[in-house]
K.L.:
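Next up is a structure, given as structure tokens.
Remember, predicted model here, so these are calculated numbers, not experimental data.
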Amino acid sequence: MPSITVDNNITFYYTDSGPPSKSAYVTIFFLHGLTFHSGIFQRLADSAWSRQLRIIAFNRREYPGSSPYTDDERRVIRTGSFEERLSFVQEQGKLIVLAVDGLIQQLSLPRRVAVAGWSLGTATLISMYCSIGRVSDDVQRRLRDSVKTFILLDTTIYCLGVPTPPGGYNPFFDRGLSAEQRTPAFQQWASSYYQHGDLSSHDISELRLSLSGCELLKRPTVQTMTPMEWESTASPNSRCDSLIASSFRSVLEAQTNTFLFDSQIRKLWGKHKFWCLYGEASMWASIYASWYLEKKSNEINFKSLYGSNHFFMWDYPEGTLDLLIDICTNNDGKNLEYPIPTRL
């Protein structure tokens, strides 16, 4: 299995679509979300080569092939103080910085690199972005020369530390469900297609916050997966990720504020673009999070994807790849059509 080892003997497993036929190509590093590992990007990887694109997807810690957390890190995740937890997320970001830098060197990647986080992986992406000052000047220089684009793929309020609005439902926090019921309920909730109201209003009353009376546009993505596809993408026993998503709100809020308002961090990364993509049929927590960022920042580019849910890179990889290429090759991405396939 391909892997890279960084500080403190921490290892990250990764998948790699391989170099395209031409020497000048774009590489996108991906960071996965909660309960789904790097396999969720395989459909992107399958079509990357023909588009002169290289897809490298990490398994974050606690997921197959990558280093587990240490006993002390688990203690911090469970019961650590604010300061300990903030230091923990900063360290995880630093490790990803080093992993990306290491692979840029080992694989001799062209200087056209992007880093994308999906779902809970957007919190790790923001940690990475905010941790650039924790690495050596040489690492900073190499990344400044190579990494030109950062992309948040359907981030959520839990990744940003945004408080849950009244009535906002998430099965992970539903005490009416047993521990065994929460993960499959979450996976179905996260992969459903929701019929929201007028999203142009940016009014929370237009979002389907509750499952009560909620009409779905299509079958949830997880219900369309074959047993083999499920086996190759899902990793349901992510206990630490669940705790981070549920109990790190103040830490992630502080991290988001650093990400949004620390001009020194932006300077260390040099000239770069930041994008936020979200599905218009995704769960309310993703749309609301993107609205939050759009209200706070005029330095992030936003694009909503008509008809897409939280799993747009799985359900429609071709359109997603075309959009990502457009974003990463210095086009604005805003006028590119994003056709959605018909699926029962």
K.L.:
For the side chain of Glu206 and the backbone of Ser201, is there at least one donor-acceptor N/O pair under 3.5 Å apart?
P.N.:
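Looks like no, no N/O pair under 3.5 Å.
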
K.L.:
Do any N or O atoms from the side chain of Arg60 and from the backbone of Leu31 form a donor-acceptor pair under 3.5 angstrom?
P.N.:
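Here the side-chain-to-backbone pair does not exist.
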
K.L.:
Could you note down all residue pairs passing salt bridge (Lys or Arg N to Asp or Glu O under 4.0 Å) where residues 274-298 supplies at least one of them, sequence neighbours left out?
P.N.:
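Pairs touching residues 274-298 that pass the test: none.
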
K.L.:
Does the side chain to side chain contact (heavy atoms under 4.5 Å, CB included) test come out yes or no for Leu103 and Ile56, once each step is laid out?
P.N.:
CA-CA 9 Å; Leu103 287 180; Ile56 299 176; 4.1 Å; yes

K.L.:
I'd like to know if the side chain of Tyr129 pairs up with that of Asp262 as donor and acceptor (distance under 3.5 Å, no hydrogens or angles considered).
P.N.:
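Per modelled atom types, Tyr129 and Asp262 side chains form no pair under 3.5 Å.
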
K.L.:
Listed by chain and number, what are the ring pair (Phe, Tyr, Trp, His ring centres under 6.0 Å) partners of Tyr292, not counting sequence neighbours?
P.N.:
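Partners of Tyr292 under the ring pair (Phe, Tyr, Trp, His ring centres under 6.0 Å) test: none.
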
K.L.:
Taking atom CD1 of Ile104 and atom CG of Leu109, what is their separation to the nearest 0.5 Å?
P.N.:
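So the CD1 of Ile104 and the CG of Leu109 are separated by 6.0 Å.
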
K.L.:
Keeping the roles fixed (side chain from Arg144, backbone from Lys271), state whether a donor-acceptor pair exists under 3.5 Å.
P.N.:
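Such a contact is absent between Arg144 side chain and Lys271 backbone.
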
K.L.:
Taking only residues two or more places apart in sequence, or in another chain, which ones meet Glu180 in a salt bridge (charged side-chain N to carboxylate O under 4.0 Å, His left out)?
P.N.:
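Glu180 satisfies salt bridge (charged side-chain N to carboxylate O under 4.0 Å, His left out) with no residue once adjacent residues are dropped.
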
K.L.:
Using a strict 4.0 Å threshold on nitrogen-to-oxygen distance, state whether Glu299 and Lys273 make a salt bridge.
P.N.:
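Salt bridge absent between Glu299 and Lys273.
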
K.L.:
Fit a plane to each ring of Phe186 and Phe172, take the angle between them on a 0 to 90° scale, and name the class: parallel (under 30°), tilted (30 to 60°) or perpendicular (over 60°).
P.N.:
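The rings of Phe186 and Phe172 sit tilted, inter-plane angle from 30° to 60°.
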
K.L.:
Ignoring hydrogens and angles, tell me if any N or O in the side chain of Arg249 forms a donor-acceptor pair with the backbone of Tyr158 under 3.5 Å.
P.N.:
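Side chain of Arg249 to backbone of Tyr158, a donor-acceptor pair under 3.5 Å: no, none is there.
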
K.L.:
How about Ser127 and Gln255: does a side-chain donor come under 3.5 Å of a side-chain acceptor?
P.N.:
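Side chains of Ser127 and Gln255: pair found under 3.5 Å.
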
K.L.:
In terms of ring plane angle, is the pair Trp284 and Tyr288 parallel, tilted or perpendicular, where the classes change at 30° and 60°?
P.N.:
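Trp284 vs Tyr288 ring planes: tilted.
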
K.L.:
Side chains of Asp203 and Ser205: do they bring a donor and an acceptor to under 3.5 Å?
P.N.:
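Side chains of Asp203 and Ser205: pair found under 3.5 Å.
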
K.L.:
Answer yes or no: is there an ion pair linking Arg54 with Asp16, defined by an N-O contact shorter than 4.0 Å?
P.N.:
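Judged by the 4.0 Å cut-off on N to carboxylate O distance, Arg54 and Asp16 do form a salt bridge.
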
K.L.:
So that I can tick it off, tell me whether Glu62 and Arg239 are bridged by a salt bridge, with the cut-off set at under 4.0 angstrom between side-chain N and carboxylate O.
P.N.:
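A salt bridge is absent here (no side-chain N lies under 4.0 Å from a carboxylate O).
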
K.L.:
Applying side chain to side chain contact (heavy atoms under 4.5 Å, CB included) to Asp315 and Thr320, what does each step give before you reach the verdict?
P.N.:
CA-CA 9 Å; Asp315 282 345; Thr320 300; over 6 Å; no

K.L.:
Distance-only, no hydrogens or angles: does the Gln188 side chain make a donor-acceptor pair with backbone N or O of Ala185 under 3.5 Å?
P.N.:
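Answer holds: no.
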
K.L.:
Side chains of Arg208 and Gln195: any donor to acceptor distance under 3.5 Å?
P.N.:
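Arg208 and Gln195 do not have a side-chain donor-acceptor pair below 3.5 Å.
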
K.L.:
With ring centroids as reference points, do Phe58 and Tyr13 lie under 6.0 angstrom apart?
P.N.:
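No - the distance between ring centres of Phe58 and Tyr13 does not fall below the 6.0 Å cut-off.
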
K.L.:
Side-chain polar contacts of residues 34-41 - donor-acceptor pairs under 3.5 angstrom, sequence neighbours left out - could you list them?
P.N.:
residue, atom, partner, partner atom, Å
Thr35, OG1, Gln187, NE2, 3.2
His37, ND1, Gly39, N, 3.0
Ser38, OG, Asn59, OD1, 2.6

K.L.:
Would you say Val147 ends up clustered with Leu107 if hydrophobic residues are merged whenever their side chains have heavy atoms under 4.5 Å apart, either directly or through other cluster members?
P.N.:
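Same cluster: Leu107 reaches Val147 through Ile, Leu, Val, Met, Phe, Trp or Tyr contacts under 4.5 Å.
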
K.L.:
To the nearest 0.5 Å, what is the distance between CG (Leu209) and CD1 (Ile204)?
P.N.:
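So the CG of Leu209 and the CD1 of Ile204 are separated by 5.0 Å.
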
K.L.:
My understanding is that only residues two or more places apart in sequence, or in another chain, count here; which of them pass side chain to side chain donor-acceptor pair (under 3.5 Å) with Gln181?
P.N.:
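Gln181 satisfies side chain to side chain donor-acceptor pair (under 3.5 Å) with Ser178 only.
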
K.L.:
Between atom OG1 of Thr258 and atom CD1 of Ile265, what is the distance when rounded to the nearest 0.5 Å?
P.N.:
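If I round to the nearest 0.5 Å, the distance is 6.0 Å.
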
K.L.:
Which other residues belong to the hydrophobic cluster containing Val251, where Ile, Leu, Val, Met, Phe, Trp and Tyr are joined when side-chain heavy atoms lie under 4.5 Å apart, directly or via other members?
P.N.:
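Its cluster partners, ordered by chain and number, are Tyr69, Val76, Ile77, Phe82, Leu86, Phe88, Val89, Leu243, Ile244, Phe248, Leu252.
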
K.L.:
Indicate yes or no: does Asp72 engage Arg75 in a salt bridge with an N to O separation below 4.0 Å.
P.N.:
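Yes, Asp72 and Arg75 are salt-bridged.
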
K.L.:
Consider only side-chain N and O atoms of Gln52 and Ser21, and report whether a donor and an acceptor are under 3.5 Å apart.
P.N.:
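Judged by distance alone, the side chains do pair up.
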
K.L.:
Tell me every residue that passes side chain to side chain donor-acceptor pair (under 3.5 Å) with Glu318, counting only those two or more places apart in sequence or in another chain.
P.N.:
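Glu318 satisfies side chain to side chain donor-acceptor pair (under 3.5 Å) with Ser47, Arg51 only.
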
K.L.:
Any side-chain donor paired with an acceptor under 3.5 Å for Asn309 and Ser282?
P.N.:
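No.
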
K.L.:
With a cut-off of 6.0 Å (strictly less than), are more than 12 heavy atoms of other residues, nucleotides or ligands near CD of Glu231?
P.N.:
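Open: at most 12 neighbouring heavy atoms sit under 6.0 Å from CD of Glu231.
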
K.L.:
Can you list the residues that meet the side-chain contact (heavy atoms from CB on, under 4.5 Å) rule with Asn9, with sequence neighbours excluded?
P.N.:
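Here the qualifying residues are Thr5.
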
K.L.:
Apply salt bridge (charged side-chain N to carboxylate O under 4.0 Å, His left out) to Asp7 and list each qualifying residue two or more places apart in sequence or on a separate chain.
P.N.:
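Per chain and number, Asp7 pairs via salt bridge (charged side-chain N to carboxylate O under 4.0 Å, His left out) with Lys94.
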
K.L.:
Pair up each side-chain donor or acceptor in residues 113-125 with any protein partner under 3.5 Å, not counting sequence neighbours, and list the distances.
P.N.:
residue, atom, partner, partner atom, Å
Trp118, NE1, His310, O, 2.8
Ser119, OG, His310, NE2, 2.9
Thr122, OG1, Ser119, O, 2.6
Thr122, OG1, Thr155, OG1, 2.8

K.L.:
Would the distance check show the side chain of Gln90 and the main-chain N or O of Ser131 forming a donor-acceptor pair, the cut-off being under 3.5 Å?
P.N.:
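Looks like no, no N/O pair under 3.5 Å.
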
K.L.:
Would you say the side-chain atoms of Ser17 pair up with the backbone N or O of Ile55, donor to acceptor, closer than 3.5 Å?
P.N.:
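Present.
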
K.L.:
State whether the side chain of Tyr278 and the backbone N or O of Phe302 hold a donor-acceptor pair below 3.5 Å, judged by distance alone.
P.N.:
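Not confirmed, Tyr278 side chain does not pair with Phe302 backbone.
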
K.L.:
Looking at His272 and Gly270, would you say the former's side chain and the latter's main chain have a donor-acceptor pair under 3.5 Å?
P.N.:
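Yes, His272 side chain to Gly270 backbone: donor-acceptor pair under 3.5 Å.
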
K.L.:
For Ile4 versus Tyr14, what's the shortest heavy-atom pair and its separation?
P.N.:
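Nearest heavy atoms, Ile4 then Tyr14: N-CE2, 4.1 Å.
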
K.L.:
State, without any angle test, whether Asn257 and Glu253 hold a side-chain donor-acceptor pair at a distance under 3.5 Å.
P.N.:
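There is no such pair between these side chains.
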
K.L.:
Could you see if Tyr169 belongs to whatever hydrophobic cluster contains Ile157? Use Ile, Leu, Val, Met, Phe, Trp, Tyr and a side-chain cutoff under 4.5 Å.
P.N.:
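Yes, because Tyr169 and Ile157 connect within a single hydrophobic cluster, where side-chain heavy atoms sit under 4.5 Å apart.
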
K.L.:
Which residues pass the salt bridge (charged side-chain N to carboxylate O under 4.0 Å, His left out) test with Arg141, sequence neighbours left out?
P.N.:
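Applying salt bridge (charged side-chain N to carboxylate O under 4.0 Å, His left out) to Arg141 gives Asp138.
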
K.L.:
Go through the steps to decide whether Val97 and Leu143 satisfy the test side chain to side chain contact (heavy atoms under 4.5 Å, CB included), and finish with yes or no.
P.N.:
CA-CA 8 Å; Val97 168; Leu143 292 179; 3.4 Å; yes

K.L.:
Working to the nearest 0.5 Å, report the span between OH of Tyr316 and CG of Leu321.
P.N.:
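These two atoms lie 10.0 Å from each other.
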
K.L.:
Check Arg61 against Leu95 and note the closest heavy-atom contact, atom names and distance.
P.N.:
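The answer is NH1-CD1, 3.8 Å.
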
K.L.:
Tell me whether Ser87 contacts the main-chain N or O of Glu83 through its side chain, where contact means a donor paired with an acceptor under 3.5 Å.
P.N.:
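No; judged by distance alone, with no hydrogens or angles, the pair does not exist.
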
K.L.:
Can you pull out every side chain to side chain donor-acceptor pair (under 3.5 Å) where at least one residue sits in residues 102-113? Sequence neighbours excluded, please.
P.N.:
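Found Asp101-Gln105.
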
K.L.:
Out of Phe274, Phe150, Trp269, which residue meets the ring-ring contact (aromatic ring centres under 6.0 Å, His included) rule with Phe259?
P.N.:
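That would be Phe274; it is the only one of Phe274, Phe150, Trp269 passing the ring-ring contact (aromatic ring centres under 6.0 Å, His included) with Phe259.
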
